[in-house]
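Keep in mind that what you see is a predicted model, and the values were worked out from it rather than measured. Just so it is clear, the values below take in all heavy atoms, side chains as well, and ignore hydrogens, waters and symmetry mates.
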Amino acid sequence: MIISWNTTKECNLYCKHCYRDSGPKEKEKDELTTAEGKELLDEIAKAGFKIMIFSGGEPLLRDDIYELVEHAASLGMRPVFGTNGMYITPEVAQQLKEAGAAGMGISLDSVKSEVHDEFRQVEGAWEKAVAGIKNCIDAGLRVQVNTTITDLNYDEFEEITDFVIDLGVKAHHPFFLVPTGRGKDIEQDSVRSKRYHQLIDRIMEKQKEVDIELKPTCAPQFMAVAKEKDMDMRFTRGCLAGTDYCCILPNGDVHICPYLPVEVGNVKETPFSKIWAEAEVFEELRTMDYDGSCGSCNYTEVCGGCRARAYYYSDGDYMAGEPWCHRGGC
């Protein structure tokens with residue numbers, strides 16, 4: 001099981017698609033303290049989670065981040081990051097390694113610096129992200145590159161994969177845009193319907209050619225495609241929201257996933273392990289009793305449809321059918 005904690009809303013960037021609406025000086029007054037954070041990590045481990053994603057905002061802006069990573073590692077979890085990479089100097093990379101970080105997910109949206117910088121809205125962001133990737137690899141940290149896919153870089157996916165392979169990364173995860181947070185403002189740039197499925201197919205075909213891991217995120221139909229292509233994937237299901245995954249916001253609110261803004265509880269009021277085990281929202285999601293096309297699909301167990309996209313395009317029904325799925329097998 002995997003969980004992400006948006007440790008802060010503060011970020012040095014102001015990305016156009018940010019699901020958390022993060023940015024400079026956006027730190028929330030009620031962010032979890034170090035002590036509360038450690039208590040949360042204890043509860044997360046108690047609930048059986050193994051992969052702990054420290055995200056944001058920009059998690060490296062938290063002064064106590066190394067202490068939190070060390071605590072997560074001491075509990076037997078695998079601490080990994082979701083970061084823009086811009087703060088990862090050789091010294092920071094080494095400090096993360098020593099604290100127990102097991103991997104770094106670094107965002108890179110293009111092979112062209114001007115495209116990445118415009119999307120992230122800070123000049124020089126691409127150059128520092130690439131430097132951060134190299135610094136992590138030099139420190140012995142496993143690096144996964146995350147790419148937010150929109151119409152703007154739709155034709156670039158394979159080129160980005162080849163570029164990051166040359167850098168030495170171990171995985172490339174394309175994130176399909178879900179309109180939440182500031183992502184609502186660029187909803188028109190989302191890749192959808194026929195082109196959505198065409199790109200999933202391209203990713204799976206590219207996976208046959210390369211040794212690194214390629215995994216579409218917020219595109220759970222990749223599991224059905226992989227099954228039809230008789231591909232051996234280490235993943236068991238496309239959308240894990242509420243079944244094997246959830247997220248914690250900076251103030252302790254528990255959400256189904258970062259892209260699905262339904263509050264399930266707050267860890268300041270109820271222990272996380274209790275929320276995860278007993279919350280009605282999670283229990284409903286675990287029934288997989290979906291409506292619409294997802295309810296009658298042959299691939300419900302391995303796919304599940306994107307619950308966040310279902311929520312956005314059906315007026316708040318996270319059990320609705322996947323709006324962009326038009327596969328023949330569904």
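Between the side chains of Ser110 and Glu156, at least one donor-acceptor pair of N or O atoms lies under 3.5 Å. Defined by atom type and a distance below 3.5 Å, a donor-acceptor pair is present between the side-chain atoms of Glu58 and Thr83. Between the side chains of His71 and Asp42, at least one donor N or O sits under 3.5 Å from an acceptor N or O.
Side-chain atoms of Pro250 and Asn6, non-hydrogen and from C-beta on, do get closer than 4.5 Å to each other. With a 4.5 Å cut-off on side-chain heavy atoms, Asn12 and Val122 do not count as touching. Within the 4.5 Å cutoff, the side chain of Met223 has no heavy atoms near those of the Tyr299 side chain. Looking at Tyr312 and Cys306, their side chains never come closer than 4.5 Å, going by heavy atoms from C-beta outward. You'll find the side chain of Arg309 reaches within 4.5 Å of the side chain of Cys218, heavy atoms only.
When each of Phe54, Tyr66, Tyr87, Trp5 is tested with Phe81 by the rule ring pair (Phe, Tyr, Trp, His ring centres under 6.0 Å), just one qualifies, namely Phe54.
In the hydrophobic clustering of this structure, Tyr245 does not group with Val302; members are Ile, Leu, Val, Met, Phe, Trp, Tyr whose side-chain heavy atoms approach within less than 4.5 Å, directly or through other members. Linking Ile, Leu, Val, Met, Phe, Trp and Tyr residues whenever their side-chain heavy atoms come within less than 4.5 Å places Tyr313 and Leu260 in a single cluster. Using a 4.5 Å cut-off between side-chain heavy atoms of Ile, Leu, Val, Met, Phe, Trp and Tyr, with links allowed through other members, Val80 and Leu167 fall into different hydrophobic clusters. The cluster map of Ile, Leu, Val, Met, Phe, Trp and Tyr, joined by side-chain heavy atoms under 4.5 Å apart, puts Val262 and Ile248 in the same cluster. Ile51 and Leu75 end up in different hydrophobic clusters when Ile, Leu, Val, Met, Phe, Trp and Tyr side chains are linked at under 4.5 Å.
Here the OH-CG distance, from Tyr154 to Leu199, works out to 5.5 Å after rounding to the nearest 0.5 Å.
Taking 4.0 Å as the cut-off between side-chain N and carboxylate O, Lys97 and Asp138 do not count as a salt-bridged pair. Salt bridge absent: Glu205 and Arg202 never bring a charged side-chain N and a carboxylate O closer than 4.0 Å.
Listed for the Arg237 side chain is a donor-acceptor partner under 3.5 Å among the backbone atoms of Thr300.
Applying the salt bridge (charged side-chain N to carboxylate O under 4.0 Å, His left out) test to every pair with at least one member in residues 282-302, sequence neighbours left out, gives no pairs at all. Residue pairs meeting the side chain to side chain donor-acceptor pair (under 3.5 Å) criterion with at least one partner in residues 165-174, sequence neighbours excluded, are Gln144-His173, Thr147-His172, Thr161-His172, His173-Glu213.
Taking the six-membered ring wherever Trp is involved, the centroid distance between the rings of Phe176 and Phe222 does not fall below 6.0 Å.
Residues that satisfy the ring pair (Phe, Tyr, Trp, His ring centres under 6.0 Å) test with Phe175, not counting sequence neighbours, are absent from this structure.
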